[in-house]
Protein chains: 2
Amino acid sequence: MAAYDPQTKLFKAVGHPARLAILDVLRDGEACVCHMETALGYRQAYISQHLMVLRDAGLVQDRRDGWNIFYSVINPGVFDVLSAAQSATGSHGAPRTHSRKIENCPCPHCNPVAEAAAC
Amino acid sequence: MAAYDPQTKLFKAVGHPARLAILDVLRDGEACVCHMETALGYRQAYISQHLMVLRDAGLVQDRRDGWNIFYSVINPGVFDVLSAAQSATGSHGAPRTHSRKIENCPCPHCNPVAEAAAC
DNA sequence: TCATCTTATTCGTAAAACCGAATGTCTTTT
DNA sequence: AAAAGACATTCGGTTTTACGAATAAGATGA
């Protein structure tokens, strides 16, 4: 049944807790790897590996900005899939205690560097 | 992240074309194994193996009635997940050419045995 | 009880996923 | 050019999944 391949690809990509956690972070918009690192507490290489899976599945795209590479979900429809799964299982993922900004995060989004400070 | 385990379990179970096809058959209500066999063209053991996965994931339940064992989806919410995935991918599964009843299907639902015939 | 029908399970091997460790690449700053 | 920062990729080894083949199990009719 090749007719189910697209959905299978999607489900396979999403069938991993780390990847679900990453996508949950991306609900707040694009995020760089170092942000996910501090937000989720995973190793950098580990996150990159899972991002590779999500990229190969066509779920996320990356954009370079200086040092950082920002990831974002290509098709917002995947969030509907995640939400449907949350409803179906009755489990609503990880509590979104941390909002978009994280205190000790080195990423430019969380630390809008007081860039003029050193001048 | 143990918080994502329920959804991960769901996605892993659903991340296989044969299992998606089976669930698609179950949209029309309960079905016995031999019905899926003729509806999908898979081997009996193959179907049973995938049904085992779906059962272990808590997605389907079985009910015995004489010779046949009828399977059905426990939580209709999974259909919402499937539908969301179809919308997200733009692929709407296999064309439902065969309706509930299949011509040469030996199952009692398709062949409401003219049981009084022999008497 | 025996034969038959429907379905489940076990077995073995090939393939794929997982993940820690190490290393490579690209960019920016000096 | 060299150093440093932010990510990506490759490389094993372990675990998990896939699936054909064979066999087992439970219910029914003779």
Side-chain angles (χ1 to χ4, degrees), chain A residues 1 4-5 8-9 11-22 25 30-57 60-72 105-111 113 115 118-119, chain B residues 1 4-5 8-9 11-22 25 30-57 60-72 105-111 113 115 118-119:
Chain A
M1 285 294 180
Y4 293 101
D5 284 353
T8 300
K9 197 165 113 187
F11 285 136
K12 267 188 195 297
V14 158
H16 192 289
R19 254 121 58 191
L20 287 177
I22 289 176
V25 169
E30 66 175 11
C32 62
V33 178
C34 73
H35 180 84
M36 308 183 199
E37 212 174 330
T38 67
L40 302 175
Y42 293 143
R43 293 178 307 111
Q44 175 268 317
Y46 187 68
I47 293 180
S48 268
Q49 285 174 342
H50 286 298
L51 282 173
M52 194 188 316
V53 175
L54 292 174
R55 201 178 338 120
D56 288 350
V60 301
Q61 65 191 170
D62 53 343
R63 172 184 75 84
R64 168 147 238 150
D65 184 25
W67 277 339
N68 307 285
I69 293 184
F70 291 91
Y71 279 87
S72 57
C105 180
C107 101
H109 275 189
C110 293
N111 262 329
V113 191
E115 33 199 344
C119 303
Chain B
M1 285 297 178
Y4 293 101
D5 284 352
T8 300
K9 197 165 113 185
F11 285 136
K12 266 188 196 296
V14 158
H16 192 288
R19 284 182 312 253
L20 286 177
I22 289 176
V25 169
E30 65 173 14
C32 63
V33 178
C34 73
H35 179 83
M36 309 183 198
E37 211 174 331
T38 66
L40 302 176
Y42 293 142
R43 292 178 308 112
Q44 176 269 318
Y46 187 67
I47 293 180
S48 268
Q49 285 172 343
H50 285 298
L51 282 173
M52 195 187 318
V53 175
L54 292 175
R55 201 179 336 120
D56 289 349
V60 301
Q61 64 191 168
D62 52 343
R63 173 183 72 86
R64 168 146 238 151
D65 184 27
W67 278 339
N68 307 285
I69 294 184
F70 291 92
Y71 280 87
S72 57
C105 179
C107 100
H109 276 188
C110 293
N111 262 328
V113 189
E115 33 199 341
C119 301

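Per chain, numbering begins at 1; letters A, B, ... match sequence-line order.
The A:Gln49 side chain lies nearest to C:dG20 when the options are D:dC7, C:dG20, C:dT27. Among C:dA8, C:dT27, C:dA22, the nucleotide with an atom closest to any side-chain atom of A:Trp67 is C:dT27. Of the candidates D:dA8, C:dC19, C:dA8, the closest approach to any side-chain atom of A:Val33 belongs to D:dA8. The side chain of B:Cys34 lies closest to C:dT7, out of C:dT6, C:dT9, C:dT7. Of the candidate nucleotides D:dT9, D:dG26, C:dA8, D:dT9 has the atom lying nearest to any side-chain atom of A:Met52. Picking from C:dC19, C:dT28, D:dA21 the nucleotide with the shortest atom distance to the side chain of A:Arg43 gives C:dC19. The side chain of A:His16 has C:dC18 as its nearest neighbour among C:dC18, D:dG29, C:dT9. The side chain of A:Asn68 approaches D:dA6 more closely than any other nucleotide in the set C:dT9, D:dA21, D:dA6.
With a 4.5 Å cut-off on side-chain heavy atoms, A:His16 and A:Val53 do not count as touching. You'll find the side chain of A:Tyr42 stays beyond 4.5 Å of the side chain of A:His50, heavy atoms only.
We find that CZ of A:Arg64 is positioned 7 Å from P of C:dT28, with the value rounded to whole Å. Taking atom CG of A:Asp56 as the reference point, atom C1' of D:dA8 lies 12 Å away to the nearest angstrom. When rounded to the nearest whole Å, the span between CG of B:Asp62 and P of C:dT9 equals 9 Å. As rounded to whole Å, 16 Å separates atom P of D:dA6 from atom CZ of A:Arg63. Going from atom OH of B:Tyr42 over to atom P of D:dA21 covers 16 Å, rounded to whole Å. A straight line from NE2 of B:His50 to P of D:dG20 spans 8 Å, rounded to a whole angstrom.
At least one side-chain nitrogen or oxygen of B:Lys12 sits closer than 4.0 Å to the OP1 or OP2 atom of C:dC18. The side chain of A:Arg19 places an N or O atom within less than 4.0 Å of a non-bridging phosphate oxygen (OP1 or OP2) of C:dC18.
Between A:Tyr46 and A:Pro106, the residue anchored nearer the 5' end of DNA chain D, judged by the nucleotide with its closest heavy atom, is A:Pro106.
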